[in-house]
Structure formats: structure tokens, C-alpha cells
Amino acid sequence: MNKIRLRFPPSPTGKIHIGNMRTALFNWLVARQKDGELVLRIEDTDLARSTKEFEEIILKEMDWLDLAADEGVGIGGNNGPYRQSERIDLYQKYANKLIEEDKAYYCYCSEEELDQMREEAVSNDQMPRYNGRCRNLTEEEEEKLKAEGRKPVIRFKMPEIEKEIIVKDLIRGNVKFSSAVLDDFIIFKSDGMPTYNFAVVIDDALMKISHVIRGEDHLSNTPKQILLYDALGFALPIFAHLPLILDENRAKLKKRGEDSVYVGEFREKGYLPEALFNFMALLGWSPGDEQEIMSQAEILEKFSIESVNKSGAVFDREKLNWMNGKYIRESKLDRIVKLAIPYLKASNLITDNDLESNREWIERVIDETRTGVDYLSQLPAEAELFFTDVNFDDPQAVAKEFTGEDVKLVFDSLKEKTKAVDNLTPEAVNRIFKEMKKELPVGARTIYHPVRLAITGKSSGPEMTSVISIFGADEIASRLDNALKLADAKL
Ligand code: GLU
């Protein structure tokens with residue numbers, strides 16, 4: 001039996017965003033599940049907007065997410081070339097074939113003439129569409145138009161008899177379109193480039209694609225493509241159109257500009273690829289139970305293209321953050337350390353020398369502070385207190401927190417008790433606090449709040465038992481003493 005063949009054909013006209021990557025992921029899942037083959041094709045016929053840099057970003061982000069294709073740009077294969085800009089001859093050949101068979105024709109209409117055609121249709125309450133003016137030009141007429149220096153496009157000749165075009169879709173069932181709403185659409189532009197609808201059909205057919213899985217925004221293109229498959233004598237692939245991804249206001253997720261969601265943005269902010277992979281798998285699909293955290297293997301086992309939803313999938317950043325935080329906490333420490341170090345360095349909290357002399361301690365700090373972050377670029381803010389002196393926002397206001405006999409009692413007791421313990425683990429610190437509560441004539445608040453403030457400079461933050469354990473008795477004593485000095489100085 002032939003292997004099923006899928007494709008991911010992004011256009012390198014911008015940094016790849018989540019919407020496109022979700023399409024790559026769903027194709028990849030089906031390919032891996034069914035022992036099929038995934039082709040990576042680059043659709044770069046928009047010469048003005050396509051760049052090598054955007055193409056490289058596509059490859060890099062797919063690699064980061066562990067979504068390897070089997071064939072295509074950057075990989076090779078027997079069905080190339082895999083960049084559309086390198087396949088123009090092929091498109092030309094098939095366009096010529098359609099012209100020879102009277103299924104396509106040159107159209108010389110100018111922009112102004114087309115505008116006028118549109119306006120006339122609108123003023124007659126008709127749908128604006130090409131009226132077939134160049135459909136049956138005589139040779140002389142054509143020569144005359146050419147002599148005027150007009151550059152023609154090639155249009156597809158829509159079948160005259162109205163017919164129903166049925167898109168058989170794995171997710172949506174049979175979606176029916178009438179050919180009457182289509183006009184003689186352009187398959188080759190006057191700049192000598194094929195249009196998307198034409199090139200995609202030639203490529204999918206020649207690359208022996210059996211399953212076309214793509215975003216719902218392409219559903220309306222599919223009837224045109226089906227007509228082209230028929231006209232060219234190619235067998236139809238199986239279609240599946242994935243639901244749109246919506247933003248939190250249920251508007252279509254932006255592809256470009258400020259609030260768009262580039263894959264690179266998540267990588268740079270320190271999201272883990274497996275968290276984004278897991279999150280994207282749930283954009284339009286769910287395993288049918290409550291389970292949300294799933295490994296690649298579990299997703300592969302449970303996913304099915306037929307159970308993808310029809311309705312839009314909301315991109316919920318809070319959910320992604322929650323998931324990523326969970327992955328960060330549950331990952332092996334070694335890995336998180338490796339990923340976190342560049343962020344700490346970039347924030348000037350540590351240097352290579354610190355790493356050499358103090359690595360174990362830095363690892364403990366990372367281990368402790370990873371519990372409080374959603375993504376790793378947030379780590380320096382959490383970890384800062386371990387690497388810098390206490391920095392009170394408002395020393396004057398804070399001084400009164402360290403004033404009075406009770407605070408002195410608390411600080412003295414904590415200093416003494418932490419010094420007396422050999423191995424100051426978080427559990428040991430916990431025991432110390434328990435003893436202090438029992439022994440000292442003060443309320444719990446007078447213990448915890450001034451201690452946290454004196455040691456971290458803040459009223460909230462990581463677990464104090466861990467903070468004290470990481471700092472050790474000497475550093476704790478020095479921070480508590482400094483706080484008392486601050487109070488003295490203000491009296
Ligand atoms: N280059 C098109 C896009 O990125 C491909 C659409 C398709 O999958 O047919 O939207």
C-alpha cells in the first residue's frame with residue numbers, strides 16, 4: 001500500500017506564527033501516526049514579500065518544536081524542487097496545456113477595465129466578477145492587444161454549465177459550493193508567476209500528496225482547486241480544514257503586526273518546546289477527557305484528525321502560561337539550568353566566573369525560583385534577590401518595620417538558631433520557625449513579615465524556608481543586621 005503523503009507549505013513572507021505552526025503540527029501528527037510522509041514546501045511566489053530569512057526562521061522553529069519533515073526544503077527528496085520559485089517552468093507547462101485544451105485563455109484587460117467591470121456589476125446589483133471579455137478573442141484581436149504592449153494574465157475557463165462542487169472534508173463533512181459563484185479566475189499573473197490556487201494544485205498533485213490539511217481560511221479556495229484538479233486530470237487528495245484560531249476577544253488571531261503570536265516570541269521568552277507543542281495540539285482538538293498535559297507520545301496516541309473541532313479555537317495565553325510553568329517545574333533541573341543561565345547572564349546577575357566558582361549554589365537558586373515563573377525570561381526578576389544586596393524601594397518607610405524590641409528578639413533568635421544548625425535545609429528552617437513561634441512572645445506576623453522584608457527587600461516572593469536555606473546562616477545574619485542598622489539610623 002502506498003504511504004499517505006502530507007505537506008506543510010508555508011509562505012516565507014513573515015515570521016512564522018502559531019496559526020501556521022499548528023497546521024504543521026497537525027500534519028506532522030497524522031504523518032507520524034499513519035507512518036506517512038510529510039513534505040515541507042516553501043511557497044515563495046510572492047517575490048516582493050518572500051525572504052530567505054523568513055524561510056530560515058520556518059526551518060529553525062520547526063526544528064525547535066521537533067516537527068521534522070521527511071522531504072522538502074532543507075531535507076531534499078525525489079519530488080523537488082521544493083521551493084515554488086524554482087518550479088515556474090512546471091507551472092508554465094501545465095498552463096500551456098490548459099490553453100491548448102481550451103480550458104484557459106490569455107486575458108489582456110487592464111486594471112482600469114477590470115475596475116469598470118466591477119463598478120458596472122455593482123451598480124446592476126450583480127456580483128462583481130470577470131465577465132469573460134477575453135474568453136473568445138480572435139487571433140487579430142489578440143495581436144492588436146499585444147501590440148498595445150499589454151501584458152496578459154492567464155484565466156481559467158469556468159465550465160459554462162453550473163455545477164455543484166463538493167469538498168469532502170474529514171472535519172466538516174461534505175461542503176457544497178456552486179460553480180455559479182466563481183468566475184474565470186487568474187492562474188498566471190502578468191508578472192509571469194502562477195497564482196496560489198494554480199501552483200498549489202500542480203505541486204500537491206506532482207508531489208503525490210494524499211491529504212491536504214490546512215486552515216479554514218483556505219476552504220473557499222478549495223472549489224477552485226477541485227476544478228483545476230479535474231481540468232488537469234489529476235486525482236483529488238483528501239481535504240481537512242482546521243478551525244481558525246481566535247484571540248481572547250474571539251476575533252481571528254492576527255498574523256502580522258504588534259499582537260501577532262510568532263513562534264520565535266515564545267522561544268525567546270523561554271517557553272519550553274514541549275509545552276508549546278502540547279498547547280498547540282489542543283488548539284482545535286481535545287482527547288475527549290479532561291487531560292490537558294500530554295507528552296508528544298500521548299498526543300500521538302490519542303490524536304485523530306476526524307475528531308478535530310469545526311468551531312474556532314481560542315488562543316488562551318493564560319492557559320499556555322500555566323502549562324509552561326508546569327513543564328518548567330517538572331523538567332529535569334539540569335535542562336532548566338542550561339536554559340536559564342543565558343537569561344541570568346543577560347540580566348547581569350551572573351558571569352562565567354560565577355558559574356565556575358559557584359555553580360551548585362546557582363543551580364539551587366534556579367531550582368527554587370523556577371517554581372514562581374511561567375517562562376524562563378521571568379526568572380532573573382525572581383532570582384535577583386539572591387545575587388544582589390537588599391534594595392528597599394523606600395528605606396524610610398521600611399525602617400519602622402525593623403524598629404522595636406520584638407523585631408530584635410525575632411532577628412536574634414533566627415540568627416542564633418540558623419548558626420547552630422549544620423545543614424540548613426528548608427526542613428531545618430521550617431523547624432526553626434516552629435520553635436520561634438513557640439518560644440517568642442510575639443505573633444506569627446511579627447516573625448514572618450520583618451524577616452522576609454529584611455532578607456529579600458520585598459513583602460512577597462519565594463518560600464522563606466528555601467530562601468534562608470539557600471543563603472545560609474552568615475548571609476542571613478548580615479542581612480538581618482543591616483535591617484536593624486537601617487532602623488537605628490532613622491531613629
Ligand atoms: N502558502 C499557503 C499558506 O501559507 C498554503 C496554503 C495551503 O496549505 O494550501 O497559507
Side-chain angles (χ1 to χ4, degrees), residues 4-31 36-51 54-59 61-62 67 69 71-73 79 81-88 91 167-172 175 185 187 189 193-229 232 234 236-245 252-256 260-263 280 283-284 305 308:
I4 70 162
R5 284 176 58 85
L6 300 107
R7 48 33 143 216
F8 175 52
S11 301
T13 51
K15 290 188 264 179
I16 185 161
H17 57 86
I18 291 290
N20 256 335
M21 200 53 104
R22 192 266 320 245
T23 300
L25 169 64
F26 282 25
N27 277 285
W28 182 91
L29 286 170
V30 175
E37 288 160 343
L38 176 61
V39 178
L40 172 63
R41 181 171 72 229
I42 295 290
E43 303 210 327
D44 57 351
T45 51
D46 183 344
L47 293 179
R49 288 171 58 224
S50 299
T51 72
F54 291 139
E55 178 186 306
E56 277 157 21
I57 291 176
I58 293 167
L59 298 177
E61 307 302 8
M62 284 179 77
L67 297 176
E71 201 178 301
V73 169
N79 301 283
Y82 294 96
R83 273 184 205 94
Q84 288 191 326
S85 59
E86 294 163 14
R87 300 171 63 80
I88 307 298
Y91 309 131
V167 179
K168 292 187 183 139
D169 189 290
L170 286 180
I171 298 169
R172 278 147 225 282
V175 187
F185 58 89
I187 58 173
K189 294 179 277 185
M193 286 307 231
T195 56
Y196 154 71
N197 278 315
F198 189 60
V200 84
V201 167
I202 309 285
D203 289 345
D204 286 343
L206 298 186
M207 293 181 184
K208 306 180 197 81
I209 300 302
S210 60
H211 290 65
V212 168
I213 302 176
R214 61 185 168 202
E216 188 189 331
D217 44 339
H218 286 293
L219 182 59
S220 59
N221 286 319
T222 310
K224 292 183 195 164
Q225 294 175 15
I226 289 178
L227 291 173
L228 285 169
Y229 275 98
L232 291 159
F234 293 140
L236 280 183
I238 293 168
F239 292 101
H241 287 90
L242 306 174
L244 291 181
I245 303 180
K252 195 177 164 218
L253 202 66
K254 285 212 187 62
K255 285 192 191 166
R256 309 267 177 262
S260 55
V261 279
Y262 302 123
V263 176
M280 286 193 303
L283 287 174
I305 192 74
V308 169

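Atoms within a ligand are numbered from 1 in the order they appear, just like the ligands themselves. Computed from a predicted model, the values in this text were never measured in an experiment. Positions are given from 1, in the same order as the sequence printed here. The basis for the numbers below is simple: all heavy atoms, side chains too, and nothing from hydrogens, waters or symmetry mates.
For the residue pair R214/H241, the side-chain donor-acceptor check at 3.5 Å is satisfied. Side-chain contact of Y82 with E71: a donor-acceptor pair under 3.5 Å is present, judged by distance alone. D44 and Q84 share no donor-acceptor pair across their side chains, judged by distance under 3.5 Å alone.
The existence of a salt bridge linking E216 and R172 is confirmed by a sub-4.0 Å separation between a basic side-chain nitrogen and an acidic carboxylate oxygen.
Residue E43 approaches ligand 1 through these ligand atoms, each under 4.0 Å from one of its heavy atoms: 1 (N), 2 (C), 5 (C). Taking every non-hydrogen atom of R7 and a distance limit under 4.0 Å, the qualifying atoms of ligand 1 come out as 7 (C), 8 (O), 9 (O). Applying the 4.0 Å criterion to heavy atoms of V200 picks out, from ligand 1, the atoms 9 (O).
The aromatic rings of Y196 and H218 sit tilted, their planes meeting at an angle between 30° and 60°.
Between P10 and ligand 1, a contact under 3.5 Å exists for no N or O pair. Residue R214 has at least one N or O atom closer than 3.5 Å to an N or O atom of ligand 1.
Closest of all the heavy-atom pairs between V308 and I171 is O-CG2, 3.4 Å.
Within the structure, ligand 1 has Y196 among the residues with a heavy atom less than 4.0 angstrom away.
Among H218, Q225, H241, the residue whose heavy atom sits closest to atom 6 (C) of ligand 1 is H218.
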